[in-house]
Structure formats: structure tokens, C-alpha cells
2 protein chains.
Amino acid sequence: MGEKTKVLLAEDEASLGMIIKESLESRNFQVSLCGDGEEALETYRSYDPDILVLDVMMPLKDGFTLAREIRRKDPDTPIIFLTAKSRTEDVVEGFGHGGNDYLRKPFSMEELIVRVNALLNRQQVRKTNGIVEIGRYKFDYPKQLLILGNKILPLTHREAEVLLRLARQPNRLIERSQILNEIWGEDDFFNGRSMDVFITRLRKKLKQDPSIQIVNVRGFGYKLIC
Amino acid sequence: MGEKTKVLLAEDEASLGMIIKESLESRNFQVSLCGDGEEALETYRSYDPDILVLDVMMPLKDGFTLAREIRRKDPDTPIIFLTAKSRTEDVVEGFGHGGNDYLRKPFSMEELIVRVNALLNRQQVRKTNGIVEIGRYKFDYPKQLLILGNKILPLTHREAEVLLRLARQPNRLIERSQILNEIWGEDDFFNGRSMDVFITRLRKKLKQDPSIQIVNVRGFGYKLIC
DNA sequence: AGATTGCGTTAAACAGTGTTAAGCAGTGTT
DNA sequence: AACACTGCTTAACACTGTTTAACGCAATCT
């Protein structure tokens, strides 16, 4: 991404649209705001966005239909749906149409930004074949390796899983419970102790480059600083 | 495949059927949805699908029976079973009836799509006359050979079978039990030990290209990284 | 027939991984 | 300052996977 990250935002409620647009712009995103589905589809073609944020209920063309049409030719660009309904079926439908995430209204701007960043980072991991740079290290997630110069440190599966969660959003707070739920499926006492052990082991393996640190935020989670 | 890939979907629960149908269609598949086993069999004959997605529990004819009948004349077209039950026996039974994969309800559309694509890729192996590229190697499955430049390593039958299971879905986790059931017919202690031995032997023969690795995922299976 | 070879299985010792446990250290609160 | 709480570290452990070798069987050769 040479310049700013481009967001295509489709939201028919003008005031809400503007609020979202401005908060994204304040985070250094470039945003194109569309008021209905047709306009969004047209804009999509010329604007070449990095990520789409689509309201589900819009005039002329709803978000799901729009997503389906886009997905025909573009299986990659992440999509976040904004939905007022909270019923499960809508969520299923959203994922079914190729979306990557959804957000129920009302939501906080923080939440949206977190998800946008998460999806973009995930995308990046995929585009680099799962290889992420961490300071002077290269972290090869599929091969479970940490490479520093000519040194190769093998990681175990769990180590690689934990590190991936931290590395795909560096310098950001990742919540303990998010990591635990994603990897262990449950956030309970024992899994928590287990994770502690892996944090220790990762710190040991990352010690070669002192500019990298796994910083604890008491009561919340960790940040990978690099 | 001249046009779109054709999926025959048999699912008696109408709402779920429609969701699956639409999700697949949004990914550019052509889908024929059948509400029971008899209808599915009839449709199969005229529709000539590239892949079958069958609910196990259906009126008139269950998915296993249907699969068995289809397999009599058609050993190739991949079959995915959808099953509400989660017991291991059903999975084993599924493979026994000629199924290639199974999916436990509830599942996400993402999962289904990943598996459909994986099986279609597998078909690709057949279309290249059973020759698969693995890193710098060429793996000739029918001839049981690994070719690297001008070096030719012969493989034994079992080695070739195990390697095929890994190579037709590279970079993805293949479950131990799946390999064991497909090759040995049963996942028990001794077959497991036997497989370990072949994993070792394959690793030895694949050592020439260090970019290739058979990575273990503790408790689940292996990934062929390349 | 007897010897040889090749293959898959069994066996056994060994290494690696994730979890649990226990004690210690750090942090914020009362 | 005392306290509770969270996190850190090390070690022990049970379990899973790895490796090498030996074994037994069947097919092939002499």
C-alpha cells in the first residue's frame, strides 16, 4: 500500500455516514462515502478500495446483494457489514455472502477501527504467504519458524499461533481473552496459565532483538512492540 | 470445466438449503438443490455435477445410501457429507461409503467453501495424470516416483499413498484419522505407528528441498508446507 | 527347493510438546 | 504497609510424535 489505505463506505443514513467517514479519516484512512448500493458498486469499480464497509439495509441495492456481486470477481477484499438487526440468520447470511466480519448497530468507532485494522492485517499476512516481519526477525507462520539472519529458530504449533495473534497487529493491544478464545476455544484459568508459559517461551526466543518486546497490559492483554 | 463448476446439493431443510445454495452461487458456482435423496439421484444423472454435497439424514434416501449408489458407477466425483451427528463412527462410516470429506453441523459457509475448493483442487491431480508439483520436486503418483532434476527417487506404495494425501492439499492441515481411514481403513494404534514410520521416510526423501516440510500439528495431523 | 530381495509392520528407545503445578515478583488498592 | 491479584518463571509430567532397527511375509531369482 503506497499511500493511505482506501475504505469504501456505503451507508445511507447521511449523518452516521459522515461520522464514520470522519473518524476513519482521523486515523489516516482515505474514505469514499456512498449513499446507496448502486452508487457503491459504481464507486467500487473506479476506486479500487482496500476494504469495504457496507450497511446491510440501503436503498437501490442492499449490502448483501452488493457483496455477492463484488465477490464474483473479487474474492479477497475484506468486507465488514453494518447491520441493525441482531438476529443470527443475518450474521450467517453475511458470512455466507463472502463477508469477513460484521458489526451490529449501534457500535463504537473504536470497534469499527479495530475490526478494519484486524482485517487489513490478516489480509497482509495472507498476501505475504504468512510471513511477517517482526523487527529484525522474519516470522514464517506456516513453517513455524523464526528467522534471524542465518539463525533459524523452530517454533512449536502453539507458539506460532500465539505469536501470529500478536504479530498481525503489532503495537496494538491484543486482549488475553481474544487469544485464548481463538486458540484454545475457551478463556478459563488453566488455559490462561498455559498461555503465560507460551508468552515466556516466546519472549525467550525473541530476545535476540532487544527492540522487540511483548508488553503486558495488566488485566487486559499484550502488545507486541517493534 | 467449460463454464461454472456444478454443485449438486442435497439438503432437506429448505432454509438451510437455500442459504448454502446462495452462498455457493455468490462464489460463482452453479448449484442444483434437491430436497430428498431420490430427487438427488435423479438430478445426478442428468445434471452431471463436478461435486456433491449431501446431507446424511434426508427423506426417502439418506446421504450414505445415495453415495454408495453413485459410487458404483462413478468413483471420482468428490462427495462431502453434511452430518448433524458428531460421533466418530459416522465419520468413519462416511469415508467407508465413498465420501471424501465431511462437515459437522453447524458449520460456517467459509468452511464449506474451503472444503469444496480443496476437493476440486484434488480433482486437478487427476487431470494432470496424477503428477503433482511439490516445491522443486515432481511427484508422479501413478509411477510412485519423486523426481528432482535428474534424480529419481522411487517410492513404495504406502509412501506414495501417504504423500498423495498431503500433496493434493498442500499447506493445509490433513487429519491423522483421515489419512489412516483412507489408506489403512482404520485408525488404531498400530496403523498410527506405521504411519509415523512413513512420515519419517517421506521426510528423508523430501530433504533435498529445504523449502518443503511436513509439519506436525500435535493431536490433529500434518501439513505439507511448500 | 532354498536364497535373496523388497516391503510393510512391529518394537523399543528417544525427543518434543502442551499442560499443570508451585513459588516468586510486580502492581495497584485499601 | 499490608493485601489481593495478576503475571512470570521454572520444573515436572503425561502424552504424542520421531527415529532406527528388527522382524516376518511374499514375490522373485538361482
Side-chain angles (χ1 to χ4, degrees), chain A residues 141-146 152-166 173-207 212-225, chain B residues 88 141 143-146 152-166 173-207 212-225:
Chain A
Y141 167 66
K143 287 194 184 143
Q144 307 185 359
L145 298 175
L146 261 181
I152 296 182
L153 294 173
L155 299 174
T156 73
H157 183 242
R158 282 274 197 263
E159 286 170 349
E161 290 294 332
V162 174
L163 184 54
L164 177 70
R165 298 302 182 290
L166 299 171
L173 172 64
I174 318 294
E175 285 181 43
R176 276 186 81 91
S177 64
Q178 186 185 329
I179 301 176
L180 285 164
N181 282 318
E182 281 190 35
I183 299 179
W184 278 268
E186 201 173 356
D187 172 3
D188 64 15
F189 174 81
F190 289 111
N191 293 336
R193 293 311 101 239
S194 222
M195 194 174 108
D196 292 342
V197 174
F198 286 108
I199 292 291
T200 298
R201 290 180 182 166
L202 283 174
R203 282 185 174 136
K204 202 169 286 177
K205 292 192 173 175
L206 289 169
K207 212 158 35 184
I212 298 170
Q213 262 179 301
I214 298 178
V215 174
N216 172 256
V217 180
R218 191 181 172 80
F220 291 95
Y222 295 92
K223 283 194 269 188
L224 177 69
I225 307 292
Chain B
T88 327
Y141 168 65
K143 289 191 183 144
Q144 306 188 358
L145 296 176
L146 261 181
I152 296 182
L153 294 172
L155 298 173
T156 72
H157 180 242
R158 282 278 198 259
E159 286 171 350
E161 289 295 331
V162 174
L163 184 54
L164 177 68
R165 298 304 182 288
L166 298 171
L173 172 64
I174 316 294
E175 286 180 42
R176 276 186 82 91
S177 64
Q178 185 181 331
I179 300 176
L180 286 165
N181 281 316
E182 282 191 34
I183 300 180
W184 278 268
E186 201 174 355
D187 172 3
D188 65 15
F189 175 80
F190 289 108
N191 293 336
R193 294 309 100 239
S194 219
M195 193 174 107
D196 292 342
V197 174
F198 286 107
I199 292 291
T200 297
R201 291 179 182 165
L202 283 173
R203 282 186 175 136
K204 202 168 285 176
K205 293 192 174 177
L206 288 169
K207 213 159 34 185
I212 299 171
Q213 262 179 300
I214 298 177
V215 174
N216 170 257
V217 180
R218 192 183 173 82
F220 291 95
Y222 295 92
K223 284 193 269 189
L224 176 69
I225 307 293

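Throughout, protein chains are lettered first and strands after them, A, B, ... in sequence-line order, and every chain is numbered starting at 1.
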Colleague: Paired with dT30(C): which nucleotide, if any, by Watson-Crick or G-U wobble criteria at under 3.5 Å for both distances?
Modeller: dA1(D)
Colleague: Could you tell me the separation between the NZ atom of Lys205(A) and the P atom of dG16(C), rounded to a whole number of Å?
Modeller: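 Spelled out: NZ on Lys205(A) to P on dG16(C) is 11 Å.
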Colleague: Give a yes or no on whether the backbone of Ile214(A) and the side-chain of Arg203(A) come within a donor-acceptor separation of less than 3.5 Å.
Modeller: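 At least one qualifying donor-acceptor pair exists.
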Colleague: Determine the contact category for Tyr222(A): base if any of its heavy atoms lies under 4.0 Å from a base atom, sugar-phosphate if only primed atoms, P, OP1 or OP2 are that close, otherwise nothing.
Modeller: sugar-phosphate
Colleague: Surrounding NZ of Lys205(B) (heavy atoms of other residues, nucleotides or ligands, distance under 6.0 Å), is the total greater than 12?
Modeller: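 It does: Lys205(B) NZ has more than 12 such atoms within range.
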Colleague: Any side-chain N or O of Arg218(A) less than 4.0 Å from the OP1 or OP2 oxygen of dG26(C)?
Modeller: no
Colleague: Rounded to the Å, how far apart are Leu180(A) CG and dT19(C) C1'?
Modeller: 14 Å
Colleague: Would you check if there is a donor-acceptor pair between the side chains of Tyr222(B) and Glu175(B) at a distance under 3.5 Å?
Modeller: no
Colleague: Nearest whole Å is fine: how far is dT16(D) P from Glu175(B) CD?
Modeller: 15 Å
Colleague: Do NZ/NE/NH1/NH2 and the carboxylate oxygens of Glu159(A) and Arg201(A) come within less than 4.0 Å?
Modeller: no
Colleague: Separation of Arg203(B) atom CZ from dG16(C) atom P, in whole Å?
Modeller: 12 Å
Colleague: Rounded to whole Å, please give me the gap between CD in Glu161(A) and P in dT17(C).
Modeller: 14 Å
Colleague: What integer distance in Å separates Phe220(A):CZ from dG28(C):P?
Modeller: 12 Å
Colleague: Determine whether a donor-acceptor pair (N or O, by modelled atom type, separation under 3.5 Å) exists between the side chain of Asn191(B) and the backbone of Glu186(B).
Modeller: yes
Colleague: Taking the nucleotide of DNA chain D with the nearest heavy atom to each, does Thr200(A) or Val217(B) sit closer to the 5' end?
Modeller: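 By nearest-heavy-atom nucleotide position, the 5'-most residue is Thr200(A).
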Colleague: At what distance, to the nearest 0.5 angstrom, does CD1 of Ile183(A) lie from CD of Gln178(A)?
Modeller: 10.0 Å
Colleague: Counting only side-chain N and O atoms of Lys204(B), is one of them less than 4.0 Å from OP1 or OP2 of dT19(D)?
Modeller: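 Indeed not, no polar side-chain atom of Lys204(B) lies that close.
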Colleague: Leu202(B) has an atom CG; how far is it from atom P of dT18(D), in whole Å?
Modeller: 12 Å
Colleague: Do Gln144(B) side-chain atoms and His157(B) backbone N/O form a donor-acceptor pair below 3.5 Å?
Modeller: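 Answer holds: yes.
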Colleague: Would you mind reading off the distance between Ile199(A) atom CD1 and dG7(D) atom P, rounded to a whole angstrom?
Modeller: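 It is 11 Å, rounded to the nearest whole Å.
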Colleague: Strictly under 4.0 angstrom, non-hydrogen atoms only: write out the protein contact profile of nucleotides 5-12 of chain C, one letter per nucleotide from the 5' end, B, S or -.
Modeller: --SBBBB-
